[in-house]
2 protein chains.
Amino acid sequence: MPYSPTGALTTLPAGHPCEDCPVRPITICRSLEARTLADMRRMGNMQRLQPDQPVLHEGDPAKRVFMLTLGALKIYTLLGDGRRQVTGFMFPGDFLGITRDEEYAFTIEALRPSELWWFSREAFDRFVEANPSVERELYKMAAHELAAAQQQMVLLGRKTAAERVASFFLNLLQRGERVSGRTETRFNLPMSRLDMADYLGLTKETVSRMLAELRDRRLIRLETQSRVEVLDRAGLADMAEGHRAA
Amino acid sequence: MPYSPTGALTTLPAGHPCEDCPVRPITICRSLEARTLADMRRMGNMQRLQPDQPVLHEGDPAKRVFMLTLGALKIYTLLGDGRRQVTGFMFPGDFLGITRDEEYAFTIEALRPSELWWFSREAFDRFVEANPSVERELYKMAAHELAAAQQQMVLLGRKTAAERVASFFLNLLQRGERVSGRTETRFNLPMSRLDMADYLGLTKETVSRMLAELRDRRLIRLETQSRVEVLDRAGLADMAEGHRAA
DNA sequence: CGCTCTCTTGAAGAATATCAACGTGAGTGG
DNA sequence: CCACTCACGTTGATATTCTTCAAGAGAGCG
């Protein structure tokens with residue numbers, strides 16, 4: 001069982017179309033931004049994806065590096081009997097497939113119509129080699145990912161179903177705010193209830209029930225099935241942190 | 001809530017006294033090994049710790065970097081009401097406290113009498129600056145940590161209690177083998193049942209029951225309360241991956 | 001040798017999963 | 001453009017796993 005680094009490294013290209021609300025911490029990473037994005041455009045190949053179409057499979061030789069420019073992706077691992085854990089969602093500006101292993105260690109699929117740019121691992125390695133500061137940026141990004149992963153361990157190991165959903169929504173809201181640069185009260189859910197459930201270590205039914213509970217407590221409103229308005233942000237934060245209101 | 005990178009970065013100083021069986025993937029990281037270890041010895045300050053004594057607290061200003069040379073540590077996060085998630089254990093050769101944040105994002109405590117070397121963040125940063133290849137090594141280590149974190153998410157999100165304990169034991173066994181360089185059938189448990197439980201997202205009672213189950217299935221034997229002999233490695237692996245024997 | 005803390009085991013309870021049925025809305029084709 | 005349809009989402013009833021509460025056993029230490 002190979003150890004398999006770094007599926008998604010997140011960075012935010014300034015002014016990128018980020019119509020879907022992202023969930024992970026973003027490293028504002030100016031050196032990469034300016035240069036990598038430009039180079040990627042020049043050297044890279046654009047690829048479009050339809051929902052459920054895979055970007056890469058666990059076990060595939062790790063020959064490419066990708067940057068998502070439009071849409072949304074999910075990254076997941078399967079157990080032998082089909083149980084699935086979604087370990088993250090990816091949004092425009094995120095890098096994926098960066099690894100030092102021979103093979104990818106997870107599967108990444110499109111949630112909705114998406115656009116991404118890829119280039120070969122060799123080209124990426126050359127680029128990193130030629131730009132030493134990029135190494136530092138990669139490390140920063142990995143460190144951010146690691147911090148997010150630790151928060152997710154707390155969520156999965158110790159939070160109740162309601163707390164998990166509240167935490168998730170708060171993260172989505174906050175990422176939306178980082179993207180737009182201003183306070184938000186709404187966000188999108190580009191993933192299905194099942195994807196949410198597999199990310200939060202729950203079933204889709206439990207997710208649905210917790211949505212109903214947050215709604216009934218007047219913490220959120222479901223504008224549509226995939227768009228949420230936050231009515232009581234402080235209350236949502238309290239619930240996320242386990243300040244358990246009866 | 002600050003994002004808080006990289007509590008533990010793991011590397012293995014060759015030939016280090018690693019009497020306790022470690023749990024995380026080890027990056028054999030020769031460039032750091034040879035130079036950092038020597039420098040750390042020269043520049044560093046040695047510190048001894050008794051069980052339960054903290055190395056650092058969540059929220060402390062992140063002014064030092066540590067290397068564990070003897071003993072074992074746990075790293076954890078608390079929720080407001082006292083629920084605790086242990087996000088990792090650390091063993092000789094592991095680096096800790098490396099972060100780009102102003103504050104540490106978690107608490108680290110000794111499990112047993114331990115010895116560690118620290119030096120100031122400035123000294124560490126200078127060292128990294130002066131040795132560009134170290135940046136790459138740090139990135140590698142972070143990537144390994146990230147891979148381990150993703151495996152842990154699968155464990156916490158989707159595995160049953162028995163599978164979690166089996167997975168944990170398999171990891172401990174494998175780390176012991178990486179340390180010794182040969183096949184092992186035994187390993188130590190330097191942490192309490194409660195620490196294991198908080199690492200695996202369970203209660204100490206459930207951990208105890210799962211130990212009994214693994215024992216009754218003749219997969220393991222408890223030589224003492226803190227030393228395990230693996231009787232059926234393949235069976236343990238099957239259980240860890242959820243090939244659910246009735 | 002006894003004390004205390006941890007660990008184990010048992011019984012009852014709670015949270016979430018599972019199974020099942022019913023809505024609902026987005027997309028499609030008429 | 002509307003209606004149909006099917007997948008997705010919601011809700012309800014029951015089952016299961018794990019937790020909680022409680023008590024007893026074992027191990028380490030003064």
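Note on naming: letters A, B, ... go to the chains in the order of the sequence lines (proteins, then strands), and numbering restarts at 1 for each one.
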Peer 1: I want to confirm an ordering. Mapping A:Lys204 and A:Arg158 to their closest nucleotides on DNA chain D, which one lands closer to the 5' end?
Peer 2: A:Lys204

Peer 1: Could I get a table of every N or O pair under 3.5 Å where one atom is in the protein and the other is in nucleotides 21-29 of chain D?
Peer 2:
| residue | atom | partner | partner atom | Å |
| --- | --- | --- | --- | --- |
| D:dC21 | N4 | B:Glu205 | OE2 | 3.2 |

Peer 1: Nearest-Å distance, CG (A:Asn188) to P (C:dA26)?
Peer 2: 13 Å

Peer 1: Rounding to an integer number of Å, can you tell me how far B:Met210 CE sits from C:dG10 C1'?
Peer 2: 14 Å

Peer 1: If we fit an axis to the first five pairs and another to the last five of the helix from C:dC1-D:dG30 to C:dG30-D:dC1, what angle do they make, to the nearest 10°?
Peer 2: 40°

Peer 1: Tell me the interatomic distance from B:Leu214, atom CG, to C:dT8, atom C1', rounded to whole angstroms.
Peer 2: 15 Å

Peer 1: Respond yes when some side-chain nitrogen or oxygen of A:Arg215 is under 4.0 Å from OP1 or OP2 of D:dT11, and no when none is.
Peer 2: yes

Peer 1: Indicate, with a heavy-atom threshold strictly under 4.0 Å, whether B:Ser208 touches base, sugar-phosphate, or nothing.
Peer 2: base

Peer 1: For B:Gln85 and B:Tyr199, test the side chains for any donor-to-acceptor distance below 3.5 angstrom and give the result as yes or no.
Peer 2: no

Peer 1: State which residues pass side-chain hydrogen bond (donor to acceptor under 3.5 Å, both in side chains) with A:Glu229; sequence neighbours excluded, sorted by chain then number.
Peer 2: A:Arg221

Peer 1: Taking the inter-plane angle between the rings of A:Phe169 and A:Phe187 on a 0 to 90° scale, is it parallel (under 30°), tilted (30 to 60°) or perpendicular (over 60°)?
Peer 2: perpendicular

Peer 1: Give me the atom names and distance for the closest heavy-atom approach of A:Met90 to A:Leu68.
Peer 2: O-CD2, 3.5 Å

Peer 1: Can you give me the closest heavy-atom contact between B:Met67 and B:Phe95, atom names plus distance?
Peer 2: SD-CZ, 3.9 Å

Peer 1: Rounded to whole Å, please give me the gap between CG in A:Asp81 and P in C:dT18.
Peer 2: 10 Å

Peer 1: Could you list the residues that satisfy side-chain hydrogen bond (donor to acceptor under 3.5 Å, both in side chains) with A:Glu184, not counting sequence neighbours?
Peer 2: A:Ser180

Peer 1: Heavy atoms only: give me the nearest B:Lys159-B:Ala240 pair and the separation to one decimal.
Peer 2: NZ-O, 3.1 Å

Peer 1: Please give, in whole Å, the distance from D:dC8 P to A:Arg112 CZ?
Peer 2: 14 Å

Peer 1: Side chain of B:Thr160 only, please: which of D:dG9, D:dC18, C:dA17 is the nearest?
Peer 2: D:dC18

Peer 1: Please report, rounded to the nearest Å, how far the C1' atom of C:dT9 is from the CD atom of B:Glu213.
Peer 2: 14 Å

Peer 1: Measure from the side-chain heavy atoms of A:Arg193 and tell me the nearest of C:dA17, D:dT10, C:dC7.
Peer 2: D:dT10

Peer 1: Can you tell me how far C1' of D:dC8 sits from CG of A:Asp198, to the nearest Å?
Peer 2: 15 Å

Peer 1: Tell me every residue that passes side-chain hydrogen bond (donor to acceptor under 3.5 Å, both in side chains) with B:Arg215, counting only those two or more places apart in sequence or in another chain.
Peer 2: none

Peer 1: Rounding to an integer number of Å, can you tell me how far A:Glu163 CD sits from C:dA15 C1'?
Peer 2: 12 Å

Peer 1: Return whichever of B:Leu222 or A:Val207 has its heavy-atom-nearest nucleotide of DNA chain C closer to the 5' end.
Peer 2: B:Leu222

Peer 1: Looking only at side chains, do A:Thr69 and A:Glu115 share a donor and an acceptor under 3.5 Å apart?
Peer 2: yes

Peer 1: Show me the donor-acceptor pairs, under 3.5 Å and distance only, between side chains in residues 206-214 of chain B and residues at least two apart or in other chains.
Peer 2:
| residue | atom | partner | partner atom | Å |
| --- | --- | --- | --- | --- |
| B:Thr206 | OG1 | B:Thr203 | OG1 | 3.0 |
| B:Glu213 | OE2 | B:Arg217 | NE | 3.3 |
| B:Glu213 | OE2 | B:Arg217 | NH2 | 3.1 |

Peer 1: Counting just side-chain N and O atoms, does B:Thr206 come under 4.0 Å of either OP1 or OP2 of D:dT19?
Peer 2: yes

